[in-house]
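Down below is the structure, laid out as structure tokens.
Keep in mind that what you see is a predicted model, and the values were worked out from it rather than measured. The chains referred to below are lettered A, B, ... by the order of the sequence lines, with proteins before strands, and numbering in each begins at 1. The analysis underlying the following values was restricted to heavy atoms, covering all of them including side chains, and did not include hydrogens, waters or symmetry mates.
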Number of protein chains: 2
Amino acid sequence: MNSDCENCTLSYRCVPSAISSKELFRFTNIVSTNELYQPHDKLFEQSTKADHLYVVKSGSFKTSIQGSTNNPHVNGFFLPGELIGMESMAGNNYLSSSTAIESSLACKINYRQLGALRKDFPLLSDLSVKLYSQALALSQSILSCVSKQSAAQRLACFILILMERTKQLNRRVSEVYLNMSRQDIASHLGLAVETVSRSFSKLIKHGYIKKNNRHIYITDSKQLQFFSTH
Amino acid sequence: MNSDCENCTLSYRCVPSAISSKELFRFTNIVSTNELYQPHDKLFEQSTKADHLYVVKSGSFKTSIQGSTNNPHVNGFFLPGELIGMESMAGNNYLSSSTAIESSLACKINYRQLGALRKDFPLLSDLSVKLYSQALALSQSILSCVSKQSAAQRLACFILILMERTKQLNRRVSEVYLNMSRQDIASHLGLAVETVSRSFSKLIKHGYIKKNNRHIYITDSKQLQFFSTH
DNA sequence: CGCGCTCTTGATCTTCGTCAACGTGAGTGG
DNA sequence: CCACTCACGTTGACGAAGATCAAGAGCGCG
């Protein structure tokens, strides 16, 4: 695949936004764009050497942490334009494994080479800080989502966060497609699969959402918002 | 207070570690060091203009998010050497309020001025990325802590994370002092205060920890670790 | 059509939130 | 010095919410 970053629809929130088109070749030289991953394909494995950052081009990914005894915990979902592997940059090894949820494209950037590029482009340094700051903000909003007491509140909050993130992709605001399985949602929110199902039913019965399989239609986002914050 | 960053015991994990001592004045010119905060004093208020980053010098702080209706949710604790306000750097306003838990000292750095400094010191750019990466890793380990199903597991995990963080301050490994109230812990973990108390009792009965008020002694960290991961 | 997988619904038991009472320690004032 | 208050923490009793086990429904796919 060639590195056509200049015409990428996501370049405005990626590295190219911090580099003049004249010098863009310096980035396209170090990035592997549009690598294809099928469902269950892995970007990287937990505890292996961390050396690459990934940008989701299309589709979606999840990251999960595997303890020694227990079943893995899904600690993040990643939509187009989002970065995977940011939290592993400080250490030597990846802190989680990353898996494609559906047929997806991702771009691959070497940490070290990106670091070198940052020295020559001050704007890239600013962008890094901005993207990290946003990632931290997202992580904390998910934290406050998961720490809500009622299961239905957690799910409502989860849907709203997903809605905010898809909104940035120029998608329809009142509609969310859940690429991930109920099992993944359950693991992410610290619930049993059955409880997730029941919580969906509860949100539907309240008239906040409608759903068709993994398609969620938000019929009353005001009320859903209110409900999620108790 | 004067800005004696050169002799600060935490400088190795702060901005000065990325700047030669000859040029350190450029940083000490823009930082307000060792500002004193009493319990309940606020570093900043949610939704006000975000313009400063804070470094905890001594004592401890918490951040909390206030919704429109519900009681505030404690979404972070901060120990000496840790940064407060990182997640608000990308937006205009602070996403949470920050409060001193005990009598504490903090250093205050302006975002914009720090950004300017980053352009002149490439090492500072690297440090920023490293610190953000670590903050993100911490945030995710807390997320997987809070998403555990059992209350006692959450508490065990919380204690272990706190232990790891105090370990970096050359404190005794087997001992943790909880500067925060039970109410704050409960809010942070998404539990009721009474459940936190009962979970402490459970961990004690199992023989994993002992405690005296807010002093926690880890008597069997191996077992505590195992218990927390189920 | 039948098989496997995901999702949903129902029944039961466990856990946690809530309400209440009690214990403890610090600060206050008689 | 003691009685008092107040904030914080613990413990008990009870009802509500969720985990678990079990069964059934919906859907894609060979």
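- Judged by distance alone with a 3.5 Å cut-off, a donor-acceptor contact links the side chain of A:Glu194 to the base of D:dC21.
- Distances were taken from every side-chain heavy atom of B:Ala151 (C-beta onward) to each of C:dG17, C:dC16, C:dT8; the shortest belongs to C:dC16.
- A:Arg154 comes within 4.0 angstrom of nothing in the nucleic acid, heavy atoms only.
- Residue A:Ile185 contributes atom CD1, which lies 11 Å from atom C1' of C:dC7 at whole-angstrom precision.
- Atom-to-atom, CG of A:Leu189 to P of D:dA17 comes out at 18 Å; the value is rounded to the nearest Å.
- Note on B:Ser197: a base of the nucleic acid sits closer than 4.0 angstrom, heavy atoms only.
- B:Asn71 has its CG atom 13 Å from the P atom of C:dG17, to the nearest Å.
- Under a cut-off of 6.0 angstrom, the local environment of CZ in B:Phe226 is sparse, with at most 12 non-hydrogen atoms contributed by other residues, nucleotides or ligands.
- Counting only N and O atoms by type, the side chains of B:Ser96 and B:Gln46 include no donor and acceptor under 3.5 Å apart.
- If you take NZ of A:Lys202 and C1' of C:dT9, they are 14 Å apart, rounded to a whole angstrom.
- Using a 3.5 Å distance cut-off with no hydrogens or angles, the side chains of A:Ser139 and B:Gln140 do not pair a donor with an acceptor.
- For A:Phe227 and A:Tyr208, the gap between ring centers is short of 6.0 Å.
- Between C:dT8 and A:Lys211, a contact under 4.0 Å exists linking OP1 or OP2 to a side-chain N or O.
- For A:Arg198 against D:dT20, a side-chain N or O and a base N or O form a donor-acceptor pair under 3.5 Å.
- The phosphate of D:dG18 has neither OP1 nor OP2 within less than 4.0 Å of any side-chain N or O from A:Thr195.
- The nearest whole Å value for the distance from the NZ atom in B:Lys148 to the C1' atom in D:dA19 is 17 Å.
- Comparing B:His40 and A:Val196 by the nucleotide of DNA chain D whose heavy atom lies nearest to each, the residue mapping closer to the 5' end is B:His40.
- Residues A:Asn93 and A:Ser47 have side chains that never bring a donor and an acceptor to within less than 3.5 angstrom of each other.
- The side chain of B:Ser181 contributes no N or O atom lying less than 4.0 Å from OP1 or OP2 of D:dA7.
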